[in-house]
Amino acid sequence: MTLELGVNIDHIATLRQARGTPYPDLLQAMKLVEEAGAHAITIHLREDRRHIQDADVYEIRKVCQRRLNLELAATDEMVNIACDVAPSDACVVPEKREELTTEGGLDVIGLFDRVHKSTQQLNNAGIRVSLFIEPDIEQIKRVPDIGASVIELHTGTYANAMGDDKKREFERIVNASEYADALGIQVNAGHGLDYDNTPIIAAIPQIRELNIGHSMVARAVFVGIKQATVEMLALLQKARA
Ligand code: PXP
């Protein structure tokens with residue numbers, strides 16, 4: 001099974017928003033990522049609009065040649081925008097305004113009704129829904145009842161952990177991947193992945209797609225976004241060889 005790469009281009013927009021300039025051009029970045037062979041483009045329209053703007057979502061949707069994966073909070077505003085834009089995929093994430101980035105997975109047990117409603121609305125619009133959750137069996141057990149066919153396992157804790165904690169976090173991701181796959185749920189993963197910590201995650205056979213952003217945009221400062229994508233794709237391919 002090939003492992004697909006979704007490139008999150010939010011932080012190209014972060015650089016643009018830092019000065020309110022028209023550059024760097026998101027569409028140009030997307031085109032280069034596509035030319036490099038990435039399988040999906042991922043963007044997160046945050047409620048505070050700190051990087052991706054509403055107009056970006058519509059423009060990207062118009063010209064995106066790959067799958068477009070829109071990350072969004074389970075709010076009426078965001079779900080209505082997603083249904084209007086109609087990306088191929090939507091990834092429901094938790095969102096707190098003060099956070100630096102998405103911290104932790106969505107609590108699909110505690111927020112069952114809200115996530116269920118959002119998922120149904122997105123599914124009815126023909127959008128494939130993924131839930132960004134912790135590698136936690138109890139959370140995964142509720143996914144079929146919510147109606148999502150895909151999960152994205154949050155790898156941020158693994159990425160930040162050291163020593164034995166890192167080993168433990170890795171085992172949680174392996175166990176969660178096996179458990180979800182056995183239930184027939186597609187398993188994706190992402191957050192905090194970089195050129196060093198990705199290979200071991202990429203080697204987990206049940207994982208079908210990785211979504212990676214910050215480390216690739218950082219690498220692009222030195223080699224360009226196309227080369228940064230080529231390098232990450234090569235690393236994924238090697239891990240599955
Ligand atoms: N997956 C999800 C659901 C995310 O929210 C993010 C960050 O926007 C990513 C993947 C990418 O994380 P990173 O930028 O750390 O690679």
Side-chain angles (χ1 to χ4, degrees), residues 3-15 17 26 29 33 38-53 56-57 60 67-75 78 82 87 89-97 99-108 111 115 118-119 122 127-136 139 143 148 150-161 169 173 176-177 186-199 201-202 207-221 225 228-229 231-233 235-236:
L3 175 59
E4 302 206 332
L5 175 65
V7 179
N8 182 317
I9 57 173
D10 290 350
H11 295 302
I12 306 272
T14 300
L15 197 54
Q17 296 306 114
L26 265 189
V33 165
H39 305 86
I41 300 294
T42 297
I43 48 175
H44 184 179
L45 183 66
R46 291 187 68 100
E47 294 187 271
D48 62 12
R49 310 302 201 265
R50 71 172 69 154
H51 38 52
I52 298 292
Q53 306 297 303
D56 294 328
V57 180
I60 286 171
R67 277 187 297 105
L68 175 60
N69 176 29
L70 178 64
E71 295 176 359
L72 75 163
T75 63
M78 287 301 156
D89 300 356
C91 181
V92 182
V93 301
E95 217 175 282
K96 289 191 222 97
R97 272 173 203 270
E99 67 193 358
L100 268 181
T101 177
T102 313
E103 291 165 5
L106 189 66
D107 176 9
V108 296
L111 300 172
V115 179
S118 300
T119 301
L122 293 162
I127 302 165
R128 187 174 69 155
V129 178
S130 156
L131 304 176
F132 184 56
I133 58 174
E134 291 294 319
D136 179 315
Q139 293 282 332
V143 170
V150 184
I151 55 172
E152 180 171 326
L153 295 176
H154 182 261
T155 50
T157 313
Y158 153 78
N160 292 333
E169 286 304 323
I173 295 168
S177 301
Q186 175 172 325
V187 183
N188 299 343
H191 213 281
L193 296 177
D194 60 30
Y195 294 84
D196 295 321
N197 65 18
T198 295
I201 297 293
I207 296 183
R208 302 270 293 274
E209 175 182 304
L210 295 179
N211 280 297
I212 308 182
H214 189 268
S215 65
M216 293 185 63
V217 174
R219 178 77 182 139
V221 171
I225 191 68
T229 305
E231 290 174 10
M232 190 57 85
L233 281 166
L235 191 153
L236 265 49

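Atoms considered below: every heavy atom in the structure, side chains included; atoms not considered: hydrogens, waters and symmetry mates. For this chain, numbers begin at 1 and follow the sequence in order. Order of appearance sets the numbers: ligands from 1, and atoms from 1 within every ligand.
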For this session: Evaluate the side-chain proximity of Leu131 to Thr119: yes if any heavy-atom separation is below 4.5 Å, no if none is.
Result: yes

For this session: Would you mind telling me which of Val129, Val143, Asn188, Val187 makes a side-chain contact (heavy atoms from CB on, under 4.5 Å) with Val150?
Result: Asn188

Problem set entry | Side chains of Met232 and Arg219 in contact at under 4.5 Å (non-hydrogen atoms) | no

For this session: Give yes if a backbone or side-chain nitrogen or oxygen of His44 is under 3.5 Å from a nitrogen or oxygen of ligand 1, and no if not.
Result: no

For this session: Answer whether the closest heavy-atom distance between the side chains of Ile43 and Asp56 falls below 4.5 Å.
Result: no

Problem set entry | Proximity of Met216 to ligand 1 by residue part, where a heavy atom lies under 4.0 Å | neither

Exercise. Is any side-chain heavy atom of Gln17 less than 4.5 Å from a side-chain heavy atom of Gln53?
Worked result: yes

Problem set entry | Nearest option to atom 11 (C) of ligand 1, as decided by whichever heavy atom of Thr198, Ile9, Asn211, Asp194 sits closest | Asn211

Problem set entry | Contacting atoms of ligand 1, where contact means under 4.0 angstrom from a heavy atom of His214 | 13 (P), 14 (O), 16 (O)

Problem set entry | Polar side chain donor-acceptor pair, Glu71 to Asn69, under 3.5 angstrom | no

Problem set entry | Under 3.5 Å donor-acceptor, Asn197 side chain and Tyr158 backbone | no

For this session: Using a strict cut-off of 4.0 Å, indicate which atoms of ligand 1 neighbour a heavy atom of Asp10.
Result: 8 (O)

Problem set entry | Atoms in ligand 1 flagged as close to Ile212, the criterion being non-hydrogen separation under 4.0 Å | 16 (O)

Seminar exercise, completed: Checking heavy atoms under 4.0 Å, the part of Thr42 that sits near ligand 1 is neither

Problem set entry | Side-chain heavy atoms of Ile127 within contact of Leu70, under 4.5 Å | no

Exercise. Gly213 to ligand 1: N or O pair under 3.5 Å?
Worked result: yes

Problem set entry | Polar atom proximity, Gly192 to ligand 1 (N or O, under 3.5 Å) | yes

Exercise. Taking only heavy atoms of Val93, which atoms of ligand 1 are found under 4.0 Å from at least one of them?
Worked result: 3 (C)

Seminar exercise, completed: Filtering Glu71, His11, His154, Arg46 for the heavy atom nearest atom 5 (O) of ligand 1 leaves Glu71

